[in-house]
Amino acid sequence: QVQLAESGGGLVQAGGSLRLSCAATARTFSGLAMGWFRQVPGKEREFVAAIRWSGGSTDYADSVLGRFTISRDNAENTMYLQMNSLKPDDTAVYYCAARTGRGIVQLPTGYDYWGQGTSVTVSS
């Protein structure tokens, strides 16, 4: 069983930065591929970034490439999303997700476990 808890969301002005964290309760965190998704009301959940179990490979949505950085600390069972140069369009609830496969997947259906989400609001 894997439990995920996001933190670090909040209100920030455009151009600012936030760092999201995802703490995992899992016996084999290092065996999980992880991802970040976001969702706004009325829209489907959108892929943001993903990281392989080892941290050696990452993937990003085009909309955040060059601004967001995903990372993980397997010793601390924690994943991070550093968000820089934030835009109002980044406003959403951000979710972390984990999958038992070690590879990177962009589809939400490829993930087995989800956190409750943390809200990010970027004001113009």
Side-chain angles (χ1 to χ4, degrees):
Q1 186 68 18
V2 177
Q3 294 181 325
L4 305 173
E6 304 93 337
S7 62
L11 173 64
V12 64
Q13 289 187 334
S17 299
L18 282 175
R19 188 194 197 199
L20 305 184
S21 299
C22 174
T25 301
R27 295 180 62 184
T28 56
F29 177 77
S30 62
L32 302 170
M34 306 286 294
W36 286 100
F37 291 78
R38 65 188 182 186
Q39 191 170 22
V40 297
K43 292 189 176 181
E44 294 185 351
R45 195 162 293 189
E46 175 189 29
F47 170 75
V48 175
I51 188 165
R52 192 171 165 81
W53 67 276
S54 64
S57 181
T58 57
D59 190 22
Y60 296 91
D62 289 344
S63 59
V64 306
L65 189 62
R67 300 187 297 120
F68 291 11
T69 302
I70 189 172
S71 61
R72 65 189 293 166
D73 184 340
N74 286 345
E76 296 294 331
N77 280 19
T78 304
M79 176 180 66
Y80 304 97
L81 185 68
Q82 178 66 44
M83 306 187 295
N84 298 328
S85 302
L86 283 161
K87 305 174 181 179
D89 284 348
D90 295 319
T91 296
V93 176
Y94 284 71
Y95 298 89
C96 71
R99 61 188 302 269
T100 52
R102 293 185 169 187
I104 289 175
V105 173
Q106 292 192 355
L107 292 175
T109 53
Y111 290 80
D112 305 298
Y113 306 98
W114 292 86
Q116 294 298 309
T118 185
S119 180
V120 172
T121 302
V122 183
S123 63
S124 58

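The model shown is predicted, which means the values in this text are computed figures rather than measured ones.
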To the nearest 0.5 Å, what is the distance between [atom1] on [X] and [atom2] on [Y]?
X: Gln13; Y: Ser124; atom1: CD; atom2: OG; result: 9.5 Å
X: Ile51; Y: Thr58; atom1: CD1; atom2: OG1; result: 6.5 Å
X: Asn74; Y: Met34; atom1: CG; atom2: CE; result: 9.5 Å
X: Tyr94; Y: Leu18; atom1: OH; atom2: CG; result: 9.0 Å

**Item:** Check ion pair Arg38-Asp90 (N to O, under 4.0 angstrom)
**Value:**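 Yes, this pair counts.
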
Heavy-atom pair with the smallest gap, counting every atom of [X] and [Y]:
X: Pro88; Y: Ala14; answer: CD-CB, 4.1 Å
X: Asp59; Y: Gln106; answer: OD2-NE2, 2.5 Å
X: Ser17; Y: Asn84; answer: OG-OD1, 2.9 Å
X: Val40; Y: Ala92; answer: CG1-CB, 3.6 Å
X: Ile104; Y: Ser57; answer: CD1-O, 3.4 Å
X: Arg67; Y: Leu86; answer: NH1-CA, 3.9 Å

**Asked** Taking atom CD of Gln116 as the centre, does the number of heavy atoms from other residues, nucleotides or ligands within less than 6.0 Å exceed 12?
**Response**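 Atom CD in Gln116 is not packed in, count stays at 12 or less.
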
**Audit row: Val48, Leu81, side chain to side chain contact (heavy atoms under 4.5 Å, CB included) steps and yes/no** = CA-CA 10 Å; Val48 175; Leu81 185 68; 4.1 Å; yes

**Phe47: hydrophobic cluster co-members (side-chain, 4.5 Å)** = Phe37, Val93, Tyr95, Val105, Leu107, Tyr111, Trp114

**Message:** What verdict does the side chain to side chain contact (heavy atoms under 4.5 Å, CB included) test give for Met83 and Leu20, after you've listed the backbone C-alpha separation in whole Å, the side-chain angles of each residue and the deciding distance to 0.1 Å?
**Reply:** CA-CA 8 Å; Met83 306 187 295; Leu20 305 184; 3.8 Å; yes

**Asked** Can Ile70 be reached from Phe68 by stepping across I, L, V, M, F, W or Y side chains whose heavy atoms are under 4.5 Å apart?
**Response** yes

**Asked** Are Thr69 and Tyr60 close enough that some pair of their side-chain heavy atoms sits under 4.5 Å apart?
**Response** yes

**Prompt:** Asp112 versus Val2: any side-chain heavy-atom pair under 4.5 Å?
**Reply:**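 Asp112 does not reach Val2 side chain to side chain.
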
**Request:** Give a yes or no answer on whether the side chain of Thr91 reaches the backbone of Val122 with a donor-acceptor pair at less than 3.5 Å.
**Result:** yes

**Message:** Any side-chain to backbone donor/acceptor pair from Glu6 onto Cys96? Under 3.5 Å, distance only.
**Reply:** yes

**Item:** Cation over ring face, Arg72 and Tyr80, 6.0 Å, 45°
**Value:**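 Geometry flag: not set, cation outside 6.0 Å or 45°.
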
**Item:** Residue pair Met79, Ser21: steps toward the side chain to side chain contact (heavy atoms under 4.5 Å, CB included) verdict
**Value:** CA-CA 6 Å; Met79 176 180 66; Ser21 299; over 6 Å; no

**Prompt:** Thr25 and Asn77: side chain to side chain contact (heavy atoms under 4.5 Å, CB included), yes or no, with the steps?
**Reply:** CA-CA 7 Å; Thr25 301; Asn77 280 19; over 6 Å; no

**Asp73 side chain to Thr78 side chain, donor-acceptor N/O pair below 3.5 angstrom** = no

